[in-house]
There are 2 protein chains.
Amino acid sequence: MPVCVFLAKSNSNMRTRKTATKSLACKVRITAITDTMQVLSGKWKIHILGALLQGGKMRFMDLLREIDGIAAKMLSKELQDLEMNQLITRTVVDTKPITVEYEVTEYGKTMEPIIDEIANWGVFYRNRLHGKTD
Amino acid sequence: MPVCVFLAKSNSNMRTRKTATKSLACKVRITAITDTMQVLSGKWKIHILGALLQGGKMRFMDLLREIDGIAAKMLSKELQDLEMNQLITRTVVDTKPITVEYEVTEYGKTMEPIIDEIANWGVFYRNRLHGKTD
DNA sequence: GAAACTAGTTTCCAATTGGTAACTAATGCA
DNA sequence: TGCATTAGTTACCAATTGGAAACTAGTTTC
């Protein structure tokens, strides 16, 4: 990934400053981050993906019980979003009381590195907080 | 990372289902993700960190010009949040018009893998959209 | 026939988020 | 004197987010 910000001499003072001249690579990166965060927007999507990545095929009620604090309305809405983005599939199973299975797609599994990095950092963060007072 | 969800027989029907019995590791993971996302909350923090990680030391106005669409109020507030979490430092420089330099701390640099993964995925996402129609 | 389980939907409300625009305050420059 | 630059702050407002609780609707079990 090339460096994003061009260096140039300011004419007001002689310090080196970063100008408004943005490279294409920089804009691409900003767009990329915006895209990803839009797909993962909201309080719950990462948790839903995290649960499905670890638990495999799961039903609506499974997820409702597994993801602490989420309400049915939110779960329903977030699942729809994830399905629209093709990160998960929704399959109706014709059991006695009808059940619905959700599963991460192959495409959805490409999110795993992101979620893992986020989880790793959170653990690191906790350790730093009460662990060493550096 | 151990598997999160315990498998158990449901007594209502004889399918294998995921119960509400969550392992400690699972709760730790959920907490970790929540922590990280709280530190990175809002529309701009990842972009600010991204800019500072690539551009090095930058001033308020540099960031305002570099990060497309952000308003001074938001930039100011997000910088304060990041500083409180010790991800960046704020240094007042005694120049003619006073300037302020922001820089990512060593601790803040531990966010780089997350941001890179997010940026990578965003690029991958764009390629998939208009590239191959699979 | 009532209760319970499935997977949601609907309504209503409160808090948060974030945007615009104007303003402060100190300094430099023409 | 007046405008530009620095780094913000403040006030006001609109949209989004998300939570609680009630409700739908079909099936099964007691």
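Order of the sequence lines fixes the chain letters, A, B, ..., with proteins taken first and strands second; residue numbering starts at 1 for each chain.
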Show every donor-acceptor pair shorter than 3.5 Å between a side-chain atom in residues 110-118 of chain A and any protein atom, with sequence neighbours excluded, or say none if there are none.
from: T110(A); atom 1: OG1; to: Y107(A); atom 2: O; distance (Å): 2.4
from: T110(A); atom 1: OG1; to: W121(B); atom 2: NE1; distance (Å): 2.9
from: D116(A); atom 1: OD1; to: R29(B); atom 2: NH2; distance (Å): 3.1

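Distance, L79(A) CG to dG18(D) C1': 15 Å, rounded to whole Å. For R90(B) and dA7(D), the CZ to P distance is 10 Å, given to the nearest whole Å. Atom C1' of nucleotide dG8(D) and atom CD of E83(B) are separated by 14 Å, given to the nearest angstrom. Between K96(B) atom NZ and dG28(C) atom C1' the separation is 9 Å, expressed in whole Å. When rounded to the nearest whole Å, the span between CE of M37(A) and P of dT17(D) equals 13 Å. Distance M61(B) CE to dT6(D) C1': 7 Å, rounded to the nearest Å. In this structure, CD1 of I98(A) is placed 11 Å from C1' of dG8(C), rounded to the nearest angstrom. Counting to the nearest Å, the P atom of dG8(D) and the CD atom of E101(B) are 12 Å from each other.
Residue Q80(A) places no side-chain N or O under 4.0 Å from the OP1 or OP2 atom of dA7(C). OP1 or OP2 of dT6(C) has not a single side-chain nitrogen or oxygen of T99(A) nearer than 4.0 Å. Between R65(B) and the phosphate of dT6(D), there is a side-chain N or O to OP1/OP2 separation shorter than 4.0 Å.
Within 4.0 Å (heavy atoms only), A71(A) reaches no atom of the nucleic acid at all.
K45(B) places a side-chain N or O within 3.5 Å of a backbone atom of S41(B) that can act as its donor or acceptor partner.
Contacts of K43(A) classified as side-chain hydrogen bond (donor to acceptor under 3.5 Å, both in side chains), with partners at least two apart in sequence or in another chain: none. By the ring pair (Phe, Tyr, Trp, His ring centres under 6.0 Å) test, Y102(B) pairs with no residue at all, sequence neighbours left out. Under the side chain to side chain contact (heavy atoms under 4.5 Å, CB included) criterion, D35(B) pairs with Y125(A), R126(A), T31(B), not counting sequence neighbours. Take F60(A) and apply the ring pair (Phe, Tyr, Trp, His ring centres under 6.0 Å) test, not counting sequence neighbours, and it matches no residue.
Between T105(A) and Q86(A), the shortest heavy-atom contact is OG1-O, 2.8 Å.
The P97(B) side chain lies nearest to dT5(D) when the options are dG8(D), dT9(C), dT5(D).
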Sub-3.5 Å pairs of nitrogen or oxygen atoms, protein against nucleotides 13-18 of chain C:
from: dG18(C); atom 1: OP1; to: K43(B); atom 2: N; distance (Å): 2.9

